[in-house]
Amino acid sequence: MSTTAPQLLNYVGGEFLATEQTFPNISPIDGRLLSQVCEADEALVGRAVSAAKAAQTGPWGRTSASERADVLMRIAVGIESRFEEFVAAEVADTGRPVEQARRLDIARGVHNFRTFAELIRQSGGDYFEMRAPDGSDVFSYSVRKPHGVVAIISPWNLPMLLLTWKVAPALACGNSVVIKPSEESPSTATLLTEVIHDAGLPEGVFNLIHGFGPGSAGEFLTKHPDVDAITFTGESRTGSEIMKVAAEGVRDVSFELGGKNAAVVFADCDFEAAVAGVARSSFTNAGQVCLCSERVYVERPIFERFVAALKEKAEGLKIGYPDEPGVDMGSMISRQHREKVLSYFELAREEGATVVTGGEVPTFGDARDQGAYVRPTIWTGLSDDARCVQEEVFGPVCHIAPFDREDEVIERVNNTIYGLATALWTQDLGRAHRVSRQFHVGMVWINTWFLRDLRTPFGGARLSGLGREGGRHSLDFYSELTTICVNP
Ligand code: NAD
């Protein structure tokens, strides 16, 4: 393996820093070495947190909301000026189609900074008047202040989108941040750091540390006593570990965690739209979106027709190199993750599933055979309590089951430890509203999927998360509110 690959550095107190300890960043497209990533040890993580803490007492701590909004706008422009570099980095790390990286990942990165710049400019506090027992008219108002140091820990599935979703509001509210991107997708976080460095933030306001979770940068960061709040996106099990650590010092946490989302298709749906929508919600990003539908419930009269139509869609998806014309699906994030997905393909057979399509690794006869691809896969015939219907696979796979009644399908959709999102396909809007509010989830999409207005609350119920981010909900999480009561 070449040792001349570029190094991805940490960024602490305004300086880019190498470390002796490095780990390889391998592309899942073809197994090639992309870079060597400098892993932060406990001392360097400590320096990052100290720099972030010190920045709170410097000029950043005295900025107005409007000044911070200007900084966010400069970052948005900075990303745009290097847009294609971000696209190339995201694609190389993750294997996704170039068009997706352009349209979704990097575009949303820019949009996140613009949205929170606007929101912080317009945000106000509470104001209430009250007659006190002594007859005087008192009033109370609240002011928004930063927590201080916020730790941001992000996953690999939508690296730029999910990281900026947290960095933008955290900075908008005046915090200093230490980010720890996923070890699987460190490149766009490093580019973002360069953009933020060039945007001229005071040193220590933004820090990047690379590394893994347990026994590495992730754990060193979350357990550091000077971290005031932790925002995390990733697996539910990791969220639970971080919550235990955050209990020490009663630090604030916001968690966006795993899911086992359902799509529900009623017989009165627009059939073609529902098939296309479920194909999207099951196979987008090779099924590696927390919101993807891995359980599909279809009303019995259209069940056979729906399974056949989704099979045709799945088999029509073009798997390939990210820049191939017309490519729909790239690789999984890594060989290791593909092993996990393949283990579920095996388990599904053991549990008695009918494999309608897929369930295997494609062969290409070229460098992609060193990559991490799988075929889009559809199962039928499993019971609702099968492990493959209960556990998050996080791959391009769904199980389709028939249902007969509205109350029955609501109960079956809710029969999970998770509660992130549901997609509903029906033309009966009365039913759509009635049913939607009965799902124990953070989000319901009716006749669409993954369409986000960033002002709305986003998050999960049950094991899918804790708290909500988005719009003023983000501003509330990333702020301390102080209430001031005045007896004039
Ligand atoms: P993961 O939990 O393995 O890792 C996420 C991040 O946490 C990484 O940066 C990792 O290094 C770090 N980490 C791991 N263990 C840690 C520890 N003990 N202490 C501190 N940091 C630690 O998750 P992943 O595999 O990267 O991401 C996939 C998961 O994320 C899926 O379950 C998916 O559903 C979920 N996800 C949820 C949302 C949402 O909005 N709800 C969005 C995207 C992904």
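Each residue takes its place number in the sequence, starting with 1. Ligands are counted one by one from 1 in listed order, and the atoms in each one are counted from 1 as well.
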Engineer: Report the residues that fulfil salt bridge (Lys or Arg N to Asp or Glu O under 4.0 Å) with Lys313, sequence neighbours left out, ordered by chain and then residue number.
Structural biologist: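 Once residues adjacent in sequence are excluded, Lys313 has no partner under the salt bridge (Lys or Arg N to Asp or Glu O under 4.0 Å) criterion.
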
Engineer: Which residues pass the ring pair (Phe, Tyr, Trp, His ring centres under 6.0 Å) test with Phe450, sequence neighbours left out?
Structural biologist: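 Phe450 satisfies ring pair (Phe, Tyr, Trp, His ring centres under 6.0 Å) with no other residue.
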
Engineer: For atom CD of Glu351, decide whether the heavy atoms of other residues, nucleotides or ligands shown that lie under 6.0 angstrom number more than 12.
Structural biologist: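 Result for CD/Glu351: enclosed.
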
Engineer: Restricting to salt bridge (Lys or Arg N to Asp or Glu O under 4.0 Å), what partner residues turn up for Arg375, sequence neighbours left out?
Structural biologist: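 Only Glu360 meet the salt bridge (Lys or Arg N to Asp or Glu O under 4.0 Å) criterion with Arg375.
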
Engineer: Pick out the protein N or O atoms lying less than 3.5 Å from any N or O of ligand 1, and list each pair with its distance.
Structural biologist:
from	atom 1	to	atom 2	distance (Å)
ligand 1	2 (O)	Glu235	N	2.9
ligand 1	2 (O)	Thr238	OG1	2.6
ligand 1	9 (O)	Ser154	O	2.8
ligand 1	9 (O)	Lys180	NZ	2.9
ligand 1	11 (O)	Lys180	NZ	2.6
ligand 1	11 (O)	Glu183	OE1	2.7
ligand 1	23 (O)	Glu235	N	3.4
ligand 1	25 (O)	Trp156	NE1	3.0
ligand 1	26 (O)	Trp156	NE1	3.2
ligand 1	30 (O)	Gly234	O	3.3
ligand 1	32 (O)	Glu392	OE1	2.7
ligand 1	34 (O)	Glu392	OE2	2.6
ligand 1	41 (N)	Leu257	N	3.1
ligand 1	41 (N)	Leu257	O	2.7

Engineer: Give the ring-plane orientation class for Phe345 versus Trp379, where under 30° counts as parallel, over 60° as perpendicular and anything between as tilted.
Structural biologist: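 Phe345 and Trp379: perpendicular rings.
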
Engineer: With no hydrogens and no angle check, is any side-chain donor or acceptor of Thr222 less than 3.5 Å from a backbone partner on Ile242?
Structural biologist: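 Judged by distance alone, no pair lies under 3.5 Å.
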
